[in-house]
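Right, one structure below, let's go through it.
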Amino acid sequence: IDGIEVDAKKPLFLIGQGIFGTLRYNEMLKISNILNKIDIPIATTFPARGVINEKSDNCVGLVGRRGDLKSLLGADKIINIGSSLSYNTYIESIREKLLSKTINIHLKPKSIRELKEFFDNLAIDNNNWITKDSNKFSPSGDYSNKIYEVIENIPEDAIIVTDAGKQTVFTCLLKTCVVPRNIISSHSFGAMGFGLPASIGVKFGTMDFNIDREVVLISGDGGFLMNIEELQVVAEHNLKILMVVVKNNSLAEFCKIKNPNFNKIADAFGIDNCYIEKADEICPIVTGYLKKDKPLLMVIETENEPLPKPHV
């Protein structure tokens with residue numbers, strides 16, 4: 001790959017999922033080693049989260065509508081690698097300003113060696129000019145606290161699949177991503193009903209490619225109900241998936257819904273299940289689940305909680 005020169009005093013890398021190219025998953029995991037050696041701030045889009053461990057000193061983390069804006073505004077040059085620059089990344093109010101200082105690099109690596117050569121040949125002065133923002137979102141209500149308890153008690157490299165809804169936003173805000181595909185969601189499609197069948201596909205993928213990671217579904221009650229028949233596949237193949245249904249008996253702020261008894265439905269499919277009302281019940285149940293080799297449906301009763309306002 002030909003070298004690219006970037007003249008900037010405050011450069012920022014913006015990494016999108018295009019950086020994965022056609023890499024196999026075991027190669028995706030090696031990208032973080034390359035990025036950690038760069039003493040320049042690195043930000044990511046939602047789909048690329050975990051491409052670099054978000055605990056790294058040079059990782060800003062997610063930027064955009066539900067992430068950081070200071071780094072985007074403070075940079076004098078943004079080097080975009082693999083991001084489509086959607087309105088969730090470059091939000092409306094500052095979009096034109098950001099586009100005017102963005103350098104787009106179209107990179108679709110076929111091997112990790114190709115990616116390493118690109119960064120080795122990139123002519124840019126190291127300057128980690130950003131102080132990481134420690135003001136991470138903290139759970140404040142019943143809904144976010146219970147999602148936080150789930151996240152805190154599963155392995156940090158677990159693959160979390162989310163359905164559309166406020167549980168996706170809270171998961172995004174509360175989870176620190178340490179590896180690629182830490183969170184899989186339908187993103188801007190907002191497809192209710194995505195979560196359960198997607199988590200089944202993810203589980204089969206981990207089995208087919210010998211990827212030793214737990215698969216956890218975090219779904220709202222409305223979304224889970226849309227494809228609940230897929231529990232038959234979970235039961236038939238004994239797929240070890242922790243299926244968390246955050247039950248607030250409503251579709252966000254739109255309307256109330258009357259749910260069936262999810263636990264009895266799980267019983268009908270022969271799937272282990274539990275019903276939770278208090279946050280402190282979550283830890284021992286997740287701990288017990290991780291020691292077994294079979295699925296679990298965890299229905300968590302929650303009070304409604306408004307979402308924090310996004311950047312616009």
Review item, side-chain donor-acceptor pairs of residues 77-85, under 3.5 Å, at least two apart:
{"from": "N80", "atom 1": "OD1", "to": "S83", "atom 2": "N", "distance (Å)": "3.1"}
{"from": "N80", "atom 1": "ND2", "to": "S83", "atom 2": "O", "distance (Å)": "3.1"}
{"from": "N80", "atom 1": "ND2", "to": "N104", "atom 2": "OD1", "distance (Å)": "2.8"}
{"from": "S83", "atom 1": "OG", "to": "L85", "atom 2": "N", "distance (Å)": "3.0"}

Could you list the donor-acceptor pairs under 3.5 angstrom formed by side chains in residues 293-301, with sequence neighbours left out?
{"from": "K294", "atom 1": "NZ", "to": "D272", "atom 2": "OD2", "distance (Å)": "3.0"}
{"from": "E301", "atom 1": "OE1", "to": "K247", "atom 2": "NZ", "distance (Å)": "2.8"}
{"from": "E301", "atom 1": "OE1", "to": "Y275", "atom 2": "OH", "distance (Å)": "2.7"}
{"from": "E301", "atom 1": "OE2", "to": "K247", "atom 2": "NZ", "distance (Å)": "3.4"}
{"from": "E301", "atom 1": "OE2", "to": "N249", "atom 2": "ND2", "distance (Å)": "3.1"}

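For the pair R65 (side chain) and Y87 (backbone), a donor-acceptor distance under 3.5 Å is present. Between the side chain of D163 and the main chain of G195, a donor-acceptor pair closer than 3.5 Å is present. A side-chain donor-acceptor contact under 3.5 Å links K240 to the backbone of K292. For D76 (side chain) and K9 (main-chain N/O), a donor-acceptor pair under 3.5 Å exists by modelled atom type. Looking only at distances, no side-chain donor or acceptor of R66 sits under 3.5 Å from a matching main-chain atom of F46. Side-chain atoms of E54 do not come within 3.5 Å of backbone N or O of T176 as any donor-acceptor pair. In this structure a side-chain-to-backbone donor-acceptor pair under 3.5 Å is present from N263 to C274. Judged purely by atom type and a 3.5 angstrom limit, E305 uses its side chain to pair as donor or acceptor with the backbone of S144. Remark: the backbone N or O of D39 is not paired with any side-chain donor or acceptor of N58 at under 3.5 angstrom. Between the side chain of Q232 and the backbone N or O of E229 there is no donor-acceptor pair closer than 3.5 Å.
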One pair to check against side-chain contact (heavy atoms from CB on, under 4.5 Å): T89 and L14. What are the steps and the verdict? CA-CA 10 Å; T89 301; L14 173 61; 4.0 Å; yes
Test side-chain contact (heavy atoms from CB on, under 4.5 Å) applied to M28 and R181, step by step: CA-CA 10 Å; M28 290 184 191; R181 308 304 193 215; 4.2 Å; yes
side-chain contact (heavy atoms from CB on, under 4.5 Å) assessment of F269 paired with I265: CA-CA 7 Å; F269 282 110; I265 292 174; 3.8 Å; yes
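In this structure, I154 and E214 have side chains that are not in contact, with every pair of non-hydrogen atoms separated by 4.5 Å or more. Residues F137 and F170 have side chains in contact (heavy-atom distance under 4.5 Å, counting atoms from C-beta outward). Side chains of V60 and K70 form no contact here, defined as non-hydrogen atoms less than 4.5 Å apart. Contact annotation: the side chain of I112 never approaches that of K116 to less than 4.5 Å [non-hydrogen atoms, C-beta and beyond].
No side-chain N or O of S86 forms a donor-acceptor pair with one of N88 less than 3.5 Å apart. Counting only N and O atoms by type, the side chains of N304 and K166 include a donor and acceptor under 3.5 Å apart.
Residue E303 places its CD atom among 12 or fewer non-hydrogen atoms of other residues, nucleotides or ligands, all under 6.0 Å distant. More than 12 heavy atoms of other residues, nucleotides or ligands shown are found within 6.0 angstrom of CZ on R95. Within a 6.0 Å radius of CG in D7, no more than 12 heavy atoms belonging to other residues, nucleotides or ligands are found. More than 12 heavy atoms of other shown residues, nucleotides or ligands fall within 6.0 angstrom of atom OH in Y143. Within a 6.0 Å radius of CG in D57, other residues, nucleotides and ligands contribute 12 heavy atoms or fewer.
Only one option out of I228, N227, V233 pairs with L231 in a side-chain contact (heavy atoms from CB on, under 4.5 Å); it is I228.
Listed by chain and number, the residues in a ring-ring contact (aromatic ring centres under 6.0 Å, His included) with F13 are F119 (sequence neighbours excluded). Judged as a side-chain hydrogen bond (donor to acceptor under 3.5 Å, both in side chains), and not counting sequence neighbours, the contacts of T168 are T162. The side-chain hydrogen bond (donor to acceptor under 3.5 Å, both in side chains) check on K101 picks up nothing, with sequence neighbours excluded.
Listed here is the closest heavy atom pair of I241 and S199: CD1-O, 3.7 Å.
The cluster map of Ile, Leu, Val, Met, Phe, Trp and Tyr, joined by side-chain heavy atoms under 4.5 Å apart, puts V202 and L290 in different clusters.
For residues 17-27, no pair satisfies salt bridge (charged side-chain N to carboxylate O under 4.0 Å, His left out), with sequence neighbours left out.
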